[in-house]
Structures are given as structure tokens and as C-alpha cells.
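Each chain gets a letter, A, B and so on, in the order the sequences are listed, and its residues count up from 1. This one's a predicted model, so the numbers in the text were calculated from it and none came from an experiment.
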Number of protein chains: 2
Amino acid sequence: MDNKKARSAGGSRWTQQRAAISEQIEKAPGFVSAQQLHEELMHAGHSIGLATVYRNLQTLADEGLLDVLYSDGQNLYRSCASPAHHHHLVCRQCGKTVEVYGTVVEDWARKIATAEGFTEVTHTLEMYGLCAECTAAANGQNQRQE
Amino acid sequence: MDNKKARSAGGSRWTQQRAAISEQIEKAPGFVSAQQLHEELMHAGHSIGLATVYRNLQTLADEGLLDVLYSDGQNLYRSCASPAHHHHLVCRQCGKTVEVYGTVVEDWARKIATAEGFTEVTHTLEMYGLCAECTAAANGQNQRQE
DNA sequence: TTGGGTGCAAATGATTTGCAACATC
DNA sequence: GATGTTGCAAATCATTTGCACCCAA
């Protein structure tokens, strides 16, 4: 659960700061930005430099312990529960996130890429929508908002 | 072909600058950054402000005439040939881009999202890899570079 | 001990914005 | 002629970095 240290790569040390960051991001319900996380950490009583948060977030992401998402001009991070490759279905309205597993996309991507002669293929896939609650809310208040 | 004006939304004017930008980006072989495009325009003899390039790129993208891609801390734009939804397979090395069509991902995404109760689903999918040439080049020079 | 980690503040770099001059409709 | 657009420069803002000090191994 919180024993991320074991999963950490060899080259990096397990400091208090990293522990705090790692812990805090797991509490977050969805994706959070570095700044957001830093603020939360400060409120939680920790005293960590913003740069340290950035540095660790990057390191943790590199080690595969975090998922990264780019949105609105900034990177958002999220604790990555499973080491398995997966995607996200994020609610545009409330931010609710569902982790989606499945090899359909992977297989398809690999097939297409191979057909084109590409190797070392990776991909990024994110899905956005309105979750059930937000859809209901939207319909209840106004037919269409744009 | 180059009659993008017709496709332009009603609220925006078709200025020389927008025409130049629109034209230049169509010549680009792959994705280009705003700065890159601006530089090319200057070289091509046009005198356009960087801000104008940014503004137009955004507008054009909003109108669906351009594809946007975020990579390496900046947005990259590319002329969107077909109005049809498609994805890209980009070579990490040389930037060669292949447009990929197919409904596999779309169908899958819609199915998953619906199952989770989401509506108004959209998604982003980009694929990266090494194209045939770059793969060959990489193998020829060194077994593995990292 | 000792090299990686941290904190701070300054630096960077892409993108945005205020505002007066200007072109398009 | 009115209004959206352009240009420039200054302003933002997320992220990075230099460097002296500190701590985990």
C-alpha cells in the first residue's frame, strides 16, 4: 500500500519529503497539479519546497509510481495503483476518474504501428466525458449549456 | 484545398496574417510549434507578430482546422487535412507522421464510457514510435542507446 | 563520511494580455 | 464607420536550475 519505497528504483533515496509527497498524492481523489499538491502539503503541516515537489513528482513518475496527465497548461499527477498499463476516463465536470484496463487499444495500436513499419511503440490515451451524476445535473438544470 | 476561409467560423475575419499562417502550416511536413511557424513565416518574407501566430493557431484549432498535440512542454500544430476524426503515429526520432483512421478505439472508448455511465465522451490518442528508417539507423549504429 | 536531496530564489521559456494603430466587413 | 485583428512589449505562470546546506545510507 504505502510501501512505495520498495518499488523505488535503486538510485534514489527515500527521504521524508518524498514520503510526504507520495503519501499526500495517494489521498488525493483525482489528478493534482504540483502546485496544488504543494499547497496541500503545507496545509498538512509539512514544510517542503515547491521545487522539491516538482522534482519528486518527476522522479516518481519516471519510476512508474505516478500517472501523468497534461491538461490546461500544466501537468497533473495521480497515484498509480496498479503497475499495469491502463487509461483514464475523467469527468470534465467533477474530475471523477475511472481507471480503465483493456488491451483493445494496445493491440490495435501495435498492429497499426507495425503495419507502418514503426517499432518501439508507445501511446497515450485519455478519455473525457460527463459522469452519470454530472450528466443528470446538466439535464436537470438546462437542456444544453452551449 | 486552400479555401479554408469557407470553413472558418462566422465570428472571425479572414486576414492576410491568418491566410499566411494557414498556408504556411499546410506546407509543414509534420507538427510545428508556434515559435517554429513564426520563424518560418518571417523567413518566408512575412512580417507577423508572434502573438498573432499564437492567437490564430488557437482560433484555427478551435475551428477544427488544425490538430493540436502537446509534447515537450509546448503545443504543436498540424494542418488537419480531413475533417474526419483520426489519430497520429509520430516518429520519436525524425518526426515523420502518419495519420491513422479507424473506429476501433472510438467504439471501444464509447463502449467503456457508456458502461461507466459517462456521456459526451471525447478522447485523445497519440502514438509514438520509431519509423522504419530510424529503426534501421538505430540498429545499424548501436544496439541500444539507453 | 559523502553523494544525492532539499530549499530558496533567480532564471527560463512558452503562452497570454493590454492597448493603440489598423484592416476587414 | 464599427468592430474584430494586429503588433509590440510587458506580464503570467508552470517548471527548471544554481548553489550552499543537510541528511540518509
Side-chain angles (χ1 to χ4, degrees), chain A residues 3-25 31-63 65-78, chain B residues 3-25 31-63 65-78:
Chain A
N3 184 29
K4 298 263 169 156
K5 179 176 181 178
R7 281 210 254 155
S8 173
S12 51
R13 291 183 183 170
W14 200 252
T15 64
Q16 284 187 254
Q17 289 82 340
R18 180 162 308 179
I21 290 171
S22 192
E23 206 171 297
Q24 185 70 42
I25 201 171
F31 283 87
V32 286
S33 68
Q35 318 239 10
Q36 214 170 127
L37 193 65
H38 176 246
E39 207 169 307
E40 287 174 15
L41 283 164
M42 298 302 258
H43 281 184
H46 297 278
S47 181
I48 299 185
L50 179 56
T52 301
V53 175
Y54 272 102
R55 277 188 284 235
N56 276 294
L57 247 25
Q58 247 181 219
T59 305
L60 291 168
D62 281 346
E63 293 175 358
L65 273 52
L66 297 182
D67 276 332
V68 196
L69 188 62
Y70 178 79
S71 171
D72 260 332
Q74 62 182 54
N75 282 114
L76 301 178
Y77 302 84
R78 184 173 192 283
Chain B
N3 183 29
K4 298 262 171 160
K5 180 177 180 180
R7 282 211 252 154
S8 173
S12 51
R13 289 181 186 172
W14 200 252
T15 63
Q16 285 186 252
Q17 289 82 340
R18 179 162 309 179
I21 291 171
S22 194
E23 207 172 295
Q24 185 70 41
I25 200 170
F31 283 86
V32 287
S33 67
Q35 317 240 10
Q36 216 170 126
L37 193 65
H38 176 247
E39 208 169 305
E40 288 174 14
L41 283 165
M42 297 302 257
H43 282 183
H46 297 278
S47 182
I48 299 184
L50 180 56
T52 301
V53 175
Y54 272 103
R55 278 188 284 233
N56 276 293
L57 248 25
Q58 246 180 220
T59 305
L60 290 168
D62 280 347
E63 293 175 358
L65 274 52
L66 297 182
D67 277 334
V68 196
L69 189 61
Y70 176 80
S71 171
D72 258 334
Q74 61 182 57
N75 281 114
L76 301 178
Y77 302 83
R78 183 171 193 285

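Taking each heavy atom of A:Ala20 and A:Ile48 in turn, the nearest pair found is CB-CD1, 4.0 Å. For the residue pair B:Val68 and B:Tyr77, the shortest heavy atom distance occurs at CG1-CE2, 3.9 Å.
Between the CG atom of A:Leu76 and the C1' atom of D:dA14 there is a distance of 11 Å, rounded to whole Å. Going from atom OH of B:Tyr70 over to atom P of C:dG13 covers 14 Å, rounded to whole Å. Remark: P of D:dT16 and CD of A:Gln35 are 11 Å apart, rounded to the nearest angstrom. In this structure, B:His38 atom NE2 and C:dG13 atom P are separated by 17 Å, rounded to whole Å. The distance between atom CD of B:Glu63 and atom P of D:dT5, rounded to the nearest whole Å, is 9 Å. Atoms CG (A:Asp62) and C1' (C:dG4) sit 16 Å apart, rounded to a whole Å. With rounding to whole Å, A:Arg18 atom CZ is found 16 Å from D:dC23 atom P. In this structure, CH2 of B:Trp14 is placed 11 Å from P of D:dT6, rounded to the nearest angstrom.
Here D:dT15 is the nucleotide among C:dC25, D:dT15, C:dG5 with the atom lying nearest to any side-chain atom of A:Asn75. Taking every side-chain heavy atom of B:Arg13 into account, C:dA23 is the closest of C:dA23, D:dA14, C:dT15.
The stretch residues 41-59 of chain B touches DNA chain D through B:Ser47, B:Ile48, B:Gly49, B:Ala51, B:Thr52, B:Arg55, B:Asn56, each having a heavy atom under 4.0 angstrom from the strand.
Distance check: B:Asn56 CG to B:Arg18 CZ gives 4.5 Å after rounding to the nearest 0.5 Å.
Checked options B:Thr59, B:Ile25, B:Leu76; the residue passing with B:Leu66 is B:Ile25 (criterion: side chain to side chain contact (heavy atoms under 4.5 Å, CB included)). Among B:His46, B:Gln35, B:Gln24, the one residue that satisfies the side-chain hydrogen bond (donor to acceptor under 3.5 Å, both in side chains) test with B:Glu40 is B:Gln24.
Take the nearest nucleotide of DNA chain C for B:Asp72 and for B:Gln16: the residue whose nucleotide is more 5' is B:Asp72.
In this structure, B:Gln17 reaches the D:dG7 phosphate: one of its side-chain N or O atoms is under 4.0 Å from OP1 or OP2. Using a 4.0 Å cut-off, some side-chain N or O of A:Thr15 falls inside it from OP1 or OP2 of C:dT6.
The number of heavy atoms from other shown groups lying within 6.0 Å of CD (A:Gln74) is above 12.
Annotation: side chain of B:Gln58 is not in contact with side chain of B:Asn75 (no heavy-atom distance under 4.5 Å).
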